[in-house]
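Residue numbers begin at 1 in each chain, while the letters A, B, ... track the order of the sequences.
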There are 2 protein chains.
Amino acid sequence: MITKIPLQLLECAPAPGNEPLARTSAQSIAELLKAVADPTRLQLLAMIAKADQQEACVCNLTEPLGLSQPTISHHLKKLAEVGLISRERRGTWIWYSLNKERWKQIANLFE
Amino acid sequence: MITKIPLQLLECAPAPGNEPLARTSAQSIAELLKAVADPTRLQLLAMIAKADQQEACVCNLTEPLGLSQPTISHHLKKLAEVGLISRERRGTWIWYSLNKERWKQIANLFE
DNA sequence: CTAATACATAGATACTTATCTATGTGTAAC
DNA sequence: GTTACACATAGATAAGTATCTATGTATTAG
């Protein structure tokens, strides 16, 4: 590439339309994505999605992953905090179900 | 809710179709999602996407975010490692551009 | 060649987080 | 009431990471 003009001044001026995505928006989106950016939580979501009625109790989720029950509870809490799953008590058990609308919102971010 | 039968034994058996998503698959997906689950990297991606030709050099990305140049380089490297952006040298500058196919793969994960 | 510029890399630090064990809470069975 | 069970919470620890400063590398200008 041959040029006589200093490239620095010609081409490296800030382009229009480069205002960054608002930090607060970026942070809330990142919070949602952090929830799914974990292998264990992805496995949990997949298990819930494949389960009957797309819901599962903790007892069904703990053993297949080989992690302790508190660890599973921790991950389910993270997913619930960002609205990806919902809690419902039935007797002794807590059933977690997918929140499909929230799920779809992630897809929309990348379309 | 009234029942005479111990609920534990009736309802808490592992359901079919509950085999977890393979750990290796979950890990590779998580690796991709971790790359976008950061507010600064989301801002970088948004800036590149909005820029002319959907590409930008580091000099255009550093100042608007108020972070040091090595920090921006660090984030761009993370994004490049998972294939979301590509590097191309032009003279002194490195231009980063979006990899739309990779971007779309994320959307497909949540559809 | 030397100097300047654009970006990457190395190393240090502070913050976050995934996991565990131990314990608490709430519901059901008796 | 007591006991058992399902799950949550608390606290500790180890691993990961976002950021900085300092330095290295590569290209261009002169």
Side-chain angles (χ1 to χ4, degrees), chain A residues 1-14 23 26-27 30-31 33-44 55-63 65-82 85-96, chain B residues 1-14 23 26-27 30-31 33-44 55-63 65-82 85-96:
Chain A
M1 181 180 180
I2 302 175
T3 175
K4 299 284 186 186
I5 309 171
L7 292 171
Q8 292 89 333
L9 301 177
L10 271 189
E11 297 182 8
C12 207
R23 185 70 182 181
Q27 283 170 335
E31 191 180 7
L33 293 176
K34 274 180 198 294
V36 292
D38 178 89
T40 298
R41 289 195 285 271
L42 286 170
Q43 289 181 296
L44 287 171
E55 60 181 10
C57 64
V58 181
C59 56
N60 280 338
L61 299 171
T62 301
E63 185 256 349
L65 295 184
L67 294 172
S68 71
Q69 172 265 316
T71 297
I72 300 300
S73 277
H74 161 76
H75 287 302
L76 291 170
K77 185 178 183 179
K78 290 258 184 184
L79 291 171
E81 280 173 351
V82 297
I85 57 177
S86 303
R87 280 176 48 116
E88 181 192 349
R89 177 177 281 277
R90 294 184 200 161
T92 309
W93 300 276
I94 309 285
W95 288 80
Y96 284 94
Chain B
M1 181 179 181
I2 301 176
T3 176
K4 298 284 187 186
I5 307 170
L7 292 171
Q8 291 90 332
L9 300 176
L10 270 189
E11 298 183 7
C12 208
R23 186 68 183 181
Q27 283 171 335
E31 192 180 7
L33 294 176
K34 275 180 198 292
V36 292
D38 177 89
T40 298
R41 289 196 285 270
L42 286 171
Q43 289 182 297
L44 287 172
E55 60 181 11
C57 64
V58 181
C59 56
N60 280 338
L61 299 171
T62 300
E63 185 255 349
L65 295 183
L67 293 172
S68 72
Q69 173 264 315
T71 297
I72 300 300
S73 278
H74 161 75
H75 286 302
L76 291 170
K77 185 178 184 180
K78 290 260 184 182
L79 290 171
E81 280 173 351
V82 298
I85 58 176
S86 303
R87 280 175 49 116
E88 181 192 349
R89 176 178 283 276
R90 294 185 200 160
T92 310
W93 300 276
I94 309 285
W95 288 80
Y96 284 94

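Rounding to whole angstrom units, CD of residue B:E81 and C1' of C:dA8 are separated by 13 Å. Here the C1' atom of nucleotide C:dA8 and the CG atom of B:L76 are 11 Å apart, to the nearest Å. Nucleotide C:dA6 holds its P atom 16 Å from the CZ atom of B:R90, rounded to whole Å. Taking atom CG on B:D38 and atom P on C:dT16, their separation rounds to 13 Å, with Å as the unit. B:I72 places its CD1 atom 16 Å from the C1' atom of C:dT9, with the value rounded to the nearest Å. Rounded to whole angstrom, the span from the CD atom of B:Q43 across to the C1' atom of D:dA18 amounts to 14 Å. Rounded to an integer number of Å, the gap from B:E88 CD to D:dT27 P is 14 Å. One atom, CD1 of A:I94, and another, C1' of D:dT9, lie 13 Å apart when rounded to the nearest Å.
Of the candidates C:dC20, D:dA18, C:dA6, the closest approach to any side-chain atom of A:T71 belongs to C:dC20. Residue A:H75 places its side chain closer to C:dA18 than to any other of D:dA8, C:dT17, C:dA18. Of the candidates D:dC20, D:dA8, D:dA6, the closest approach to any side-chain atom of A:S73 belongs to D:dA8. Nearest to the side chain of B:K78, among D:dC20, D:dT17, C:dT9, sits D:dT17. Closest approach to the A:T92 side chain among C:dC20, D:dT19, C:dG26 is made by C:dG26 (side chain taken as heavy atoms from C-beta onward). If you check C:dC7, C:dT19, D:dA8 against the side chain of A:L67, the one that comes closest is C:dT19. The B:P70 side chain lies nearest to C:dA8 when the options are D:dA8, D:dT19, C:dA8.
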Legend entry - side-chain contact (heavy atoms from CB on, under 4.5 Å) between A:L42 and B:L33, intermediate numbers included: CA-CA 10 Å; A:L42 286 170; B:L33 294 176; 4.1 Å; yes

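Ranked by how close their nearest DNA chain C nucleotide is to the 5' end, A:R89 and A:T40 are led by A:T40.
Summarising the geometry, atom CZ belonging to A:R41 is positioned 12.5 Å from atom NZ belonging to A:K77; distances are rounded to the nearest 0.5 Å. The CG atom of B:L79 sits 8.5 Å away from the CG atom of B:D38 when rounded to the nearest 0.5 Å. Separating the CD atom in A:E81 from the NZ atom in A:K34 is a distance of 13.5 Å, to the nearest 0.5 Å.
You'll find the side chain of A:Y96 stays beyond 4.5 Å of the side chain of A:E55, heavy atoms only. The side-chain heavy atoms of B:I85 and B:L44, taken from C-beta on, include no pair separated by under 4.5 Å.
The phosphate of C:dA18 has OP1 or OP2 within less than 4.0 Å of a side-chain N or O from A:R41. Side-chain nitrogen and oxygen atoms of A:S68 include at least one within less than 4.0 Å of the OP1 or OP2 phosphate oxygen of C:dC20. Within the 4.0 Å cut-off from OP1 or OP2 of C:dA8, at least one side-chain nitrogen or oxygen of B:Y96 is found. Using a 4.0 Å cut-off, some side-chain N or O of A:K77 falls inside it from OP1 or OP2 of D:dT9. Note on B:R87: a side-chain N or O is less than 4.0 Å away from OP1 or OP2 of C:dA8.
A donor-acceptor contact under 3.5 angstrom links the side-chain atoms of B:Q69 to the base of C:dA8.
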